[in-house]
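Before any comments, here is the structure.
All ligand and atom numbering here is 1-based and tracks the order in the structure. Numbering of residues begins at 1 and proceeds along the displayed sequence.
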Amino acid sequence: MDEKEVAIGSDHAGYELKEQIKKLLESEGYTITDFGANSSDSVDYPLIAKSLATEVAGKNPNRGILICGTGIGMSIAANKVKGIIAANCFDTETAKLARLHNNSNILTLGGRILNFDTAKDIVKVWLETDFEGGRHQRRIQEIRDLEKR
Ligand code: RB5
């Protein structure tokens, strides 16, 4: 698994920020798989979340970023896919903890909430922070157990 591989997707409300983040990550040597949207034309976020989250759950690649207007709809939809822990982050602290404690494999962002400068800091911290494990591993397992019910 190439650690510099990231899936990215958005609806219309996240399209502009997605393009900016994609360009930034490509310039930093990341390989990006883009699940759309391909324009600012209206598209339903659950459909994009489903395609990207299904691939991330299969570790192909093992991390993804989803952007809608608030990041909320994308996180709700992505978290319905087994194996996904999607975290809607709004600053670098939540981004760091979403990796350290929650081992999130999808970051969701609000394209109508965040400016590019804040979003790029969030993405950088999220991509560069490792899961802490330990007591948090037990809690992640408890989440996995919820999926089996
Ligand atoms: C689309 O208008 C908007 O509802 C969507 O981007 C997202 O914010 C949903 O949570």
Side-chain angles (χ1 to χ4, degrees), residues 4-28 30-132 136 139-149:
K4 290 207 93 174
E5 212 176 317
V6 182
I8 196 163
S10 75
D11 70 355
H12 51 287
Y15 174 69
E16 201 177 309
L17 183 58
K18 171 176 74 75
E19 292 301 299
Q20 290 173 306
I21 300 284
K22 183 177 158 185
K23 202 176 292 178
L24 172 80
L25 292 179
E26 281 172 343
S27 77
E28 292 185 353
Y30 283 87
T31 302
I32 305 296
T33 310
D34 190 344
F35 286 79
N38 299 315
S39 75
S40 297
D41 293 348
S42 184
V43 58
D44 294 341
Y45 63 83
L47 306 179
I48 305 286
K50 181 185 171 194
S51 328
L52 181 146
T54 302
E55 292 306 308
V56 170
K59 302 196 185 305
N60 180 40
N62 65 358
R63 291 182 295 187
I65 298 170
L66 284 168
I67 310 171
C68 60
T70 58
I72 296 171
M74 283 296 198
S75 72
I76 293 169
N79 275 315
K80 299 291 180 193
V81 176
K82 193 176 169 191
I84 293 302
I85 296 179
N88 188 20
C89 298
F90 44 86
D91 58 20
T92 52
E93 190 60 17
T94 49
K96 190 173 157 190
L97 288 168
R99 290 287 312 129
L100 279 176
H101 289 192
N102 308 114
N103 200 18
S104 54
N105 49 10
I106 291 183
L107 168 68
T108 75
L109 299 171
R112 289 176 176 157
I113 307 290
L114 303 169
N115 61 36
F116 175 59
D117 274 348
T118 306
K120 83 169 190 254
D121 290 345
I122 291 172
V123 166
K124 193 174 161 55
V125 167
W126 187 77
L127 287 173
E128 292 176 0
T129 305
D130 290 329
F131 180 47
E132 205 172 83
H136 302 294
R139 293 161 185 166
I140 297 303
Q141 187 54 50
E142 287 162 359
I143 293 172
R144 296 277 166 254
D145 292 345
L146 285 173
E147 290 175 335
K148 291 183 198 144
R149 293 183 313 158

Arg112 near ligand 1 by a heavy-atom separation under 4.0 Å: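 Contact check Arg112 vs ligand 1: positive.
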Geometric N/O contact Tyr45 with ligand 1, under 3.5 angstrom: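 In fact, backbone or side chain, Tyr45 has no N or O that close.
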Distance-only N or O hit between ligand 1 and Ala13, under 3.5 Å: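 Such a contact does not occur with ligand 1.
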Residues, nucleotides or ligands: over 12 heavy atoms within 6.0 Å of Glu16 CD: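 Check fails, neighbour count at 12 or below.
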Pairwise side-chain contact, Val123 with Val6, heavy-atom cut-off 4.5 Å (strictly under):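 No - every pair of side-chain heavy atoms lies 4.5 Å or more apart.
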Sub-4.5 Å side-chain heavy-atom contact between Glu19 and Asp34: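 A side-chain contact under 4.5 Å exists here.
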Sidechain N-carboxylate O distance under 4.0 Å for Lys148, Asp145: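 Counted as a salt bridge, because a side-chain N and a carboxylate O are separated by less than 4.0 Å.
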Atom 1 (C) of ligand 1: the protein heavy-atom neighbour that sits closest, reported with distance to 0.1 Å: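 Looking at atom 1 (C) of ligand 1, the protein heavy atom closest to it is His12 NE2, 3.7 Å.
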Closest approach of any protein heavy atom to atom 10 (O) of ligand 1, naming residue and atom: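 In this structure, atom 10 (O) of ligand 1 has Gly73 N, 2.9 Å as its nearest protein heavy atom.
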Ligand-side contact atoms (ligand 1) for residue partner Gly69, heavy atom cut-off under 4.0 Å: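 Those of ligand 1 that fall under 4.0 Å from Gly69 are 5 (C), 6 (O), 7 (C), 8 (O).
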Under 4.0 Å to a heavy atom of Asp11 - the qualifying atoms of ligand 1, by number: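 Heavy-atom distances to Asp11 below 4.0 Å select 1 (C), 5 (C), 6 (O).
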Side-chain donor or acceptor of Arg112 paired with backbone N/O of Ala13 under 3.5 Å: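 Not confirmed, Arg112 side chain does not pair with Ala13 backbone.
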Asn115 side chain to Thr118 side chain, donor-acceptor N/O pair below 3.5 angstrom: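 Indeed, the side chains of Asn115 and Thr118 share at least one donor-acceptor pair under 3.5 Å.
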